[in-house]
Amino acid sequence: MGKFLSLFHALIIIFLITCSILSPHLHARPPPNPIQCNATSCILHNAYGVWGDRRDCFSSKVVYPTTEEELRLAVANANQNNLKVKVVTKFSHTIPKLACPSSQQPSKTMLISTEHYGSRIEIDEAKMEVTADAGVSLRDLINKVEGAGLSLVAAPYWEGVSVGGLISTGSHGSSWWGNGGAVHDHVVGLSLVVPGSELEGFAKVLWLEGTDPLLRAAKVSLGVLGVISKVKFKLEGAFKRSITLNFTEDEGIEDEYIEHGKKYEFGDIAWYPSAHTAVYRYDQRVPLNTSGDGVNDFLGFQSQSFLVADATRAFAKFELHAEKQFESSSNVEGKCKMAEAFMVYKKLIANGLKNDKSTFTGYPVIGTQANMQTSGSCLYSSRLRIDLTCAWDPRIKGLKFYETTAIFPASKFGDFVRDVKKLRDLIKPENLCGIDVYNGFLIRYIKASDAYLGQPEGSVVLDFNYYRADDPTVPRLNQDVVEEIEQMAFFKYGARPHWAKNRNLAFLGVPKKYPNWGEFIDTKKKLDPQGMFSSEWSDEILYGEDKEKGDGCALEGLCICSEDRHCSPSKGYFCKPGVVYQEARVCKYSPVEVYSSTD
Ligand SMILES: Cc1cc2nc3c(=O)[nH]c(=O)nc-3n(C[C@H](O)[C@H](O)[C@H](O)COP(=O)(O)OP(=O)(O)OC[C@H]3O[C@@H](n4cnc5c(N)ncnc54)[C@H](O)[C@@H]3O)c2cc1C
Ligand SMILES: *[C@@H]1O[C@H](CO)[C@@H](O)[C@H](O)[C@H]1NC(C)=O
Ligand SMILES: *[C@@H]1O[C@H](CO)[C@@H](O)[C@H](O)[C@H]1NC(C)=O
Ligand SMILES: *[C@@H]1O[C@H](CO)[C@@H](O)[C@H](O)[C@H]1NC(C)=O
């Protein structure tokens, strides 16, 4: 088997290299439209094609306004007819089911799509501000702004998002400088369409700006206050960025992260715990006249040949089968080889940084803010015939994974890292290779925000991805380890879940983590008294209530297990305490109990 694995990992490297050399000439398929309709109904998907509970989201009606007045009329119509409404975008890249209207009666719901509401981008050069329609894509916004000699300072790393969608979930890049890494903290105004009285024509447009408390609610609103029509951002004079990646040891990372965040305006750290490696991103602003025409074409967001995606998945499946039959060490080893191979490759190609738009020749890589701040080349098509897509494209049965994003009060993050290191050493580092196969633990920075649902204090964001099985009843390799880290983050260290990511359990008890949560709910009651923009799906996230626990619910992160049946006793997974965080309850493979149980 060892031979098979090393051959396999060599193949992956060759594939990746081939793809990256060829990729500018290959044809990429844009992502599928998230809304699919037939004569009777429509189904809404997220970009991965699967919601957290794996149940489809239905609605009987979709409207596509193109102007603010059409938007207002859509809300008025819904108000008159008592419809439940959600706004959807052409991207639908949020993982939780926030954009799904009530499941009770599809005929009493309506989707308002911003797909055709994205043509206006107005720049005020004197004030250094830009106002954009909510459906404008981040890339279009950035290019337009940069064309006028200005820069938007903060952006999420992934550019396949809309202006309205990205602020609604608190999306962010990384920065402790200036207004910080969260994009909504650069918002200076927005217009919101909310239900109105008959006299007001059943819907009205509110313009919010300055210190208006309604703006504090509307900047990050999960789509539950009303429809965002336009967003105004503060800009700065155009600049370039200089990036160097330092692949080094992870020693001292638990203290180093504070210094790093202070020292580099856009710094981040990718921590690969199984490999004892930390990749420090030294990323700072340089004057526009600095020479360099580099781009940040992040590897994970480049087009992947479906072969690579399929191969990766087939490999993961192979391992899961192996888990039942072989000793766990043999398949863990496979995952580690794969993580190692990816790491070698990432280092070789600087994770997708390119000095001259096509190749990496050395550090630092210097380019314009527009070319460095965010990426997503898998979104766009170019010439040739071979089909390429984003790696997670549901049409190619692409990568399927969970994404946990925990936002820590900055001062508590160091102790969390110490706990994870302790866990790693107790369980053996190899058991964390499943996380390192993706991007390890990505560590980023955001500042305190005045948005009610933004971060109340300076924070550190931790992101990690891990394998999700096609079949919800199939337990995953080392799932107990990942669950322990997840619960440690959210419940021992009080991290707040990113609104656009995570499995449902991460939202348990979320209201008490936000000092202004009550103000947000009061604002909602005022602007949307009938709950037109609420659904049981968005309530689940916003109110973070414990739900009834079904069999196997912990396997999918829909609950924290408290009984064995919440895991998979028939497959040998039982509900057990954590190793370092003993209050955690995780689904753990415990073969001894299989022998003693009846099946
Ligand atoms: C590959 C990938 C990488 C990512 N990287 C990052 C990252 O680096 N940093 C980060 O912070 N996030 C990241 N995200 C998360 C992403 O930024 C958010 O999910 C974002 O909200 C998606 O925007 P969207 O336009 O697809 O909105 P959607 O997912 O379609 O909508 C999000 C929510 O906003 C509501 N909404 C949308 N438009 C409006 C409107 N006009 N008015 C009112 N409500 C509205 C929807 O109803 C929904 O509740 C990433 C996601 C993916 C898939
Ligand atoms: C199409 O209609 C059938 C019922 O006639 C329904 O079961 C199915 O889910 C619908 N598909 C979509 C994409 O709406
Ligand atoms: C990389 O990090 C290590 C450890 O912090 C440090 O000793 C080294 O000087 C750094 N290298 C560069 C190029 O900055
Ligand atoms: C960039 O511009 C500044 C001021 O305009 C000037 O002082 C500096 O020498 C320039 N640098 C380069 C590399 O041209």
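Predicted model, so just to flag it, every value in this text is computed and none were measured. In listed order, ligands and their atoms are each counted from 1.
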Heavy atom of Ala47 under 4.0 Å from ligand 1?
no

Considering only non-hydrogen protein atoms, determine which one is nearest to atom 41 (N) of ligand 1 and report residue, atom name and distance to 0.1 Å.
Ile228 O, 3.0 Å

Indicate whether atom 14 (O) of ligand 4 is within a distance of less than 4.0 angstrom of some protein heavy atom.
yes

Any chance you could lay out the ring-ring contact (aromatic ring centres under 6.0 Å, His included) test for His186 and Phe233, step after step, and finish with the verdict?
CA-CA 6 Å; His186 300 257; Phe233 296 94; 8.4 Å; no

Tyr157: which of Asp268, Asn296, Asp463 passes side chain to side chain contact (heavy atoms under 4.5 Å, CB included):
Asp268

Test item: side-chain donor near acceptor, Ser229 and Tyr117, under 3.5 Å:
yes

Report the part of Tyr282 (side chain from C-beta onward, or backbone N, CA, C, O) that has a heavy atom under 4.0 Å from ligand 3; answer both or neither where that applies.
side chain

Is there a heavy atom in Tyr48 that sits closer than 4.0 Å to ligand 1?
yes

Could you verify whether a donor N or O on one side chain and an acceptor N or O on the other, from Ser102 and Lys86, lie under 3.5 Å apart?
no

Protein heavy-atom partner closest to atom 36 (N) of ligand 1 - residue, atom, separation in Å
Ser168 OG, 3.9 Å

Can you confirm whether Phe533 sits close enough to Ser221 that some side-chain heavy atom of one is under 4.5 Å from a side-chain heavy atom of the other?
no

When you measure from atom 23 (O) of ligand 1 to each heavy atom in Leu225, Val193, Val161, which option holds the nearest one?
Val161

Taking the six-membered ring for Trp and the single ring otherwise, decide whether the centroids of Trp158 and Phe301 are under 6.0 Å apart.
yes

heavy-atom search around atom 44 (N) of ligand 1 in the protein gives Gly223 CA, 3.4 Å

Record the part of Arg444 in heavy-atom contact with ligand 1 below 4.0 Å; permitted values are side chain, backbone, both and neither.
side chain

Closest to atom 18 (C) of ligand 1 (judged by heavy-atom distance), picking from Ser375, Ala500, Gly118:
Ala500

Within this structure, what is the CG-CD1 distance for the pair Asn502 and Ile407, rounded to the nearest 0.5 Å?
8.5 Å

Run the numbers on Tyr445 and Phe266 for ring-ring contact (aromatic ring centres under 6.0 Å, His included), then give the verdict.
CA-CA 8 Å; Tyr445 303 89; Phe266 303 106; over 10 Å; no

Within the structure provided, determine whether Asp393 and Pro32 are in side-chain contact (heavy-atom separation under 4.5 Å).
yes

Going by the 4.0 angstrom heavy-atom rule, the piece of Ala134 near ligand 1 is side chain

Aromatic contact between Phe520 and Tyr452, with the criterion being ring centroids under 6.0 Å apart: yes or no?
no

For Arg418, enumerate each residue passing the salt bridge (charged side-chain N to carboxylate O under 4.0 Å, His left out) test, keeping only those at least two apart in sequence or located in another chain.
Asp255, Asp415

Any protein heavy atom < 4.0 Å from atom 2 (O) of ligand 3:
yes

N or O pair under 3.5 Å between Pro156 and ligand 1:
no

Sub-4.0 Å atoms of ligand 1 with respect to non-hydrogen atoms of Phe91
26 (O)

Which is closest to atom 28 (P) of ligand 1 by heavy-atom distance: Thr89, Val183, Leu71, Leu111?
Thr89

Do Glu457 and Arg496 sit within salt-bridge range, that is, some charged N less than 4.0 Å from a carboxylate O?
yes

Protein contact of atom 4 (C) of ligand 3 - nearest heavy atom, named by residue and atom, plus distance
Thr248 OG1, 3.6 Å

Output field: ring centroids Tyr438/Trp392 closer than 6.0 Å
no

Protein heavy atom at shortest distance from atom 11 (N) of ligand 4:
Asn289 ND2, 3.1 Å

Which option out of His172, Glu403, His93 puts a heavy atom nearest to atom 26 (O) of ligand 1?
His93

With no hydrogens and no angle check, do the side chains of Glu68 and Ser191 hold a donor and an acceptor under 3.5 Å apart?
yes

Using the ring-ring contact (aromatic ring centres under 6.0 Å, His included) rule, take Tyr514 and Trp499 through it: C-alpha gap first, then chi angles, then the decisive distance, then the call.
CA-CA 13 Å; Tyr514 285 90; Trp499 298 111; 5.4 Å; yes

Where ligand 1 meets Leu222 - atom numbers and elements under 4.0 angstrom, heavy-atom basis:
49 (O)

Can a side-chain donor-acceptor contact be found between Ser92 and Asn46 if the only test is distance below 3.5 angstrom?
no

Closer than 4.0 Å: a protein non-hydrogen atom to atom 9 (O) of ligand 3:
no

CZ of Arg281 to CG of Asn246: how many Å apart, nearest 0.5 Å?
14.0 Å

Working to the nearest 0.5 Å, report the span between CH2 of Trp517 and CG of Leu542.
5.5 Å

Subset of ligand 1 atoms that lie under 4.0 Å from at least one heavy atom of His498:
10 (C), 11 (O), 12 (N)

of all protein heavy atoms, closest to atom 5 (N) of ligand 1 is Trp158 CB, 3.5 Å

In this structure, is the centre-to-centre distance between the rings of His498 and His172 below 6.0 Å?
yes

Of all protein heavy atoms, the one nearest atom 12 (C) of ligand 3 is Asn246 ND2, 3.4 Å

Which atoms of ligand 1 are found less than 4.0 Å from any heavy atom of Ser92?
26 (O), 28 (P), 29 (O), 30 (O)

For ligand 1, which part of Ser171 has a heavy atom less than 4.0 Å away: the side chain, the backbone, both, or neither?
both

Considering only non-hydrogen protein atoms, determine which one is nearest to atom 14 (N) of ligand 1 and report residue, atom name and distance to 0.1 Å.
Lys501 CE, 3.5 Å

The answer for which part of Val88 has a heavy atom under 4.0 Å from ligand 1 is neither

If you take the nearest heavy atom of each of Gly226, Ser221, Gly376, Ala155, which one is closest to atom 43 (C) of ligand 1?
Gly226

Test of proximity, Trp392 against ligand 1: N or O pairs below 3.5 Å
no

So if I count the atoms of ligand 1 from 1 in the order they appear, which ones are less than 4.0 Å from some heavy atom of Gly164?
38 (N)

Which residue and atom name correspond to the protein heavy atom nearest atom 32 (C) of ligand 1, and how close is it?
Thr94 OG1, 3.2 Å

Among all protein heavy atoms, pick the one closest to atom 47 (O) of ligand 1 and tell me residue, atom and distance.
Val87 O, 2.7 Å

Consider ligand 1: state whether an atom of it lies below 4.0 angstrom from any non-hydrogen atom of Phe301.
yes

For atom 33 (C) of ligand 1, closest protein heavy-atom neighbour
Thr169 CG2, 3.9 Å

